[in-house]
Amino acid sequence: MSFLGGGSKPGAAVNSDRMEMAVQELDMITDVFNRLVSSCHNKCVSPRYAEPDLNKGESVCIDRCVAKFFEVNKKVGEKLQSVGNAAGGGGAFGMQS
Amino acid sequence: MSFLGGGSKPGAAVNSDRMEMAVQELDMITDVFNRLVSSCHNKCVSPRYAEPDLNKGESVCIDRCVAKFFEVNKKVGEKLQSVGNAAGGGGAFGMQS
Amino acid sequence: MSFLGGGSKPGAAVNSDRMEMAVQELDMITDVFNRLVSSCHNKCVSPRYAEPDLNKGESVCIDRCVAKFFEVNKKVGEKLQSVGNAAGGGGAFGMQS
Amino acid sequence: MDFSQLNPAEQAHMSKVIEKKQMQDFLRMYSNLVERCFNSCCNDFTSKALSSKEETCVMNCTDKFLKHSERVGARFAEQNADAMNAQQQKF
Amino acid sequence: MDFSQLNPAEQAHMSKVIEKKQMQDFLRMYSNLVERCFNSCCNDFTSKALSSKEETCVMNCTDKFLKHSERVGARFAEQNADAMNAQQQKF
Amino acid sequence: MDFSQLNPAEQAHMSKVIEKKQMQDFLRMYSNLVERCFNSCCNDFTSKALSSKEETCVMNCTDKFLKHSERVGARFAEQNADAMNAQQQKF
């Protein structure tokens with residue numbers, strides 16, 4: 001678990017910078033997914049838990065919720081990118097899918 | 001609450017896989033404990049903070065809260081295990097006490 | 001807010017213990033800052049988002065909120081330190097400014 | 001996510017990282033689920049034993065959360081695929 | 001938690017890991033405590049100084065949280081011991 | 001934060017760690033912002049498309065959050081500087 005410390009192993013092929021980028025991307029997607037699950041659960045699933053299955057209304061709500069969350073993700077990403085570009089290079093802001 | 005079951009075979013030096021398992025178990029227990037502290041604080045301790053000590057009612061509530069949280073932990077673990085077994089090997093789901 | 005006090009003696013190469021302390025201090029400050037941002041946003045910024053700028057009331061509130069959060073941080077730190085000293089050596093509790 | 005730019009050694013390393021993360025994610029989901037169902041279902045602390053009503057609630061909560069996560073995961077994958085296709089069209 | 005299956009070298013390594021985690025947990029508890037007591041006690045932003053009423057609240061909040069954590073920790077240890085005994089009886 | 005007690009090799013290492021953390025913090029801020037603005041602005045799930053009202057809300061939310069963070073950061077730096085000066089006076 002030592003993502004920190006930049007232990008650069010003298011392995012021939014593995015590029016640790018590229019590796020780190022990939023791990024960061026994975027962490028990012030996991031984080032977004034967990035927030036998406038939690039947000040849409042709060043928005044769509046009744047906390048009374050009277051039955052074990054998603055009912056029709058909840059299922060439809062979840063589908064729309066995911067679509068809207070992606071749209072918000074895109075809008076926020078574009079906004080951050082435009083702010084980043086205005087602030088200078090903005091190289092770090094090209095990360096929304 | 002041995003979350004990560006499975007006795008390990010005796011090895012010679014430091015086995016990094018076994019080490020990693022132990023660290024994950026430690027992380028898991030810390031995570032559960034922190035959620036337990038937070039949940040029972042929300043359930044039992046009044047946020048008015050009129051005095052520095054737990055009163056009798058709060059103390060009794062905390063004891064019951066911890067016991068119930070463990071029961072819920074057990075029920076959820078059994079459920080995940082049965083889902084895991086139904087889904088196939090269920091190797092990853094052998095983790096509740 | 002130098003949470004981890006104690007000046008260290010100059011050494012020769014990279015001292016991994018000292019390094020770890022510095023990383024922990026950095027993590028701590030990041031954590032405090034993120035909680036500060038979130039708390040003061042909840043306290044001061046209206047979630048209606050009718051306009052893109054902070055209004056005068058929000059801006060003044062934010063300034064006071066940060067100041068109060070620092071005071072609370074100091075009080076809690078002093079309290080933990082006094083508890084730590086009462087409990088014995090208290091070596092681990094020497095971390096608030 | 002597209003790891004095709006990585007060389008074989010890097011992909012092998014990435015597989016191990018992903019496998020480890022999946023275990024961590026599962027454990028995090030587990031404790032998150034316990035917390036969520038406990039908070040929603042348990043509000044009576046006059047007894048230390050789970051009532052049958054609370055137990056039913058916890059079981060339904062767990063079931064529903066798993067189905068919810070599965071559904072979100074399926075939609076997430078579709079949206080991700082759409083977004084990747086849209087991006088490739090641009091280049 | 002039972003680390004008796006680990007060999008001595010692994011147990012020594014584990015001790016270092018645990019020690020480091022305890023420091024991290026303490027720091028996390030500290031900032032969590034600041035956030036919790038600030039959120040519960042401070043709701044008036046017409047002044048930037050803590051009022052004496054707010055200060056009393058923060059002190060009580062800190063005291064109570066520590067006592068709460070201690071009590072939860074004691075019950076947690078008991079429950080864990082029970083669970084381990086129950087598990088050993090099974091085998 | 002004062003890293004002047006570190007030797008040059010340690011300071012170089014620390015710079016790399018800080019740089020990496022800044023990236024992680026940025027990504028965490030990004031997903032946190034998406035979650036916050038989604039939760040505040042989107043409450044109607046009779047349609048899967050963002051309404052223009054929701055979109056305006058999301059844009060304002062993002063703008064305001066960035067300005068908020070910047071302001072908090074400026075005050076944080078001032079308070080930190082004050083705390084450090086106070087500490088140096090003591091020794």
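In what follows, chains carry the letters A, B, and so on, assigned in the order in which the sequence lines appear, proteins first and then strands, with residues in each chain numbered from 1.
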Worksheet, complete the sentence: Between E:Tyr30 and C:Gly77 the two heavy atoms that sit nearest each other are OH-CA, 3.2 Å

Item to complete: Show the numbers, then the answer: is there a side-chain contact (heavy atoms from CB on, under 4.5 Å) between E:Val58 and C:Val76?
Response: CA-CA 7 Å; E:Val58 168; C:Val76 171; 4.0 Å; yes

Item to complete: Return the minimal non-hydrogen interatomic distance between C:Lys68 and E:Asp44, and the atom names on each side.
Response: NZ-O, 2.6 Å

Discussion item. Could you walk me through whether E:Cys41 and C:Val72 satisfy the side-chain contact (heavy atoms from CB on, under 4.5 Å) test, starting with their C-alpha distance in whole Å, then the side-chain angles of each, then the deciding distance to 0.1 Å, before giving a yes or no?
Written reply: CA-CA 9 Å; E:Cys41 297; C:Val72 171; over 6 Å; no

Worksheet entry | Separation between NZ of C:Lys79 and CG of E:Asp63, rounded to the nearest 0.5 Å | 3.5 Å

Discussion item. Is the shortest side-chain heavy-atom distance between E:Leu66 and C:Val83 below 4.5 Å?
Written reply: yes

Worksheet item: Are side-chain heavy atoms of C:Phe69 and E:Cys42 found at a separation under 4.5 Å?
Response: no

Item to complete: Write out, in numerical order, the residues from residues 34-42 of chain C with a heavy atom short of 4.5 Å from a heavy atom in chain E.
Response: C:Arg35, C:Ser39

Fill in: chain C contact via E:Glu54 - side chain, backbone, both or neither, heavy atoms under 4.5 Å
side chain

Discussion item. Let me confirm one number: the CD-CE distance from C:Glu20 to E:Met23, rounded to the nearest 0.5 Å.
Written reply: 11.0 Å

Fill in: E:Lys48/C:Glu71 salt bridge by N-O under 4.0 Å criterion
no

Worksheet item: When you measure from the centre of the six-membered ring of E:Phe45, is the NZ or CZ of C:Lys43 under 6.0 Å away and within 45° of the axis?
Response: no

Worksheet entry | Sole candidate of C:Thr30, C:Asp31, C:Asn73 that passes side-chain hydrogen bond (donor to acceptor under 3.5 Å, both in side chains) when paired with E:Ser31 | C:Asp31

Fill in: Any side-chain heavy-atom pair of E:Gln24 and C:Met28 under 4.5 Å
no

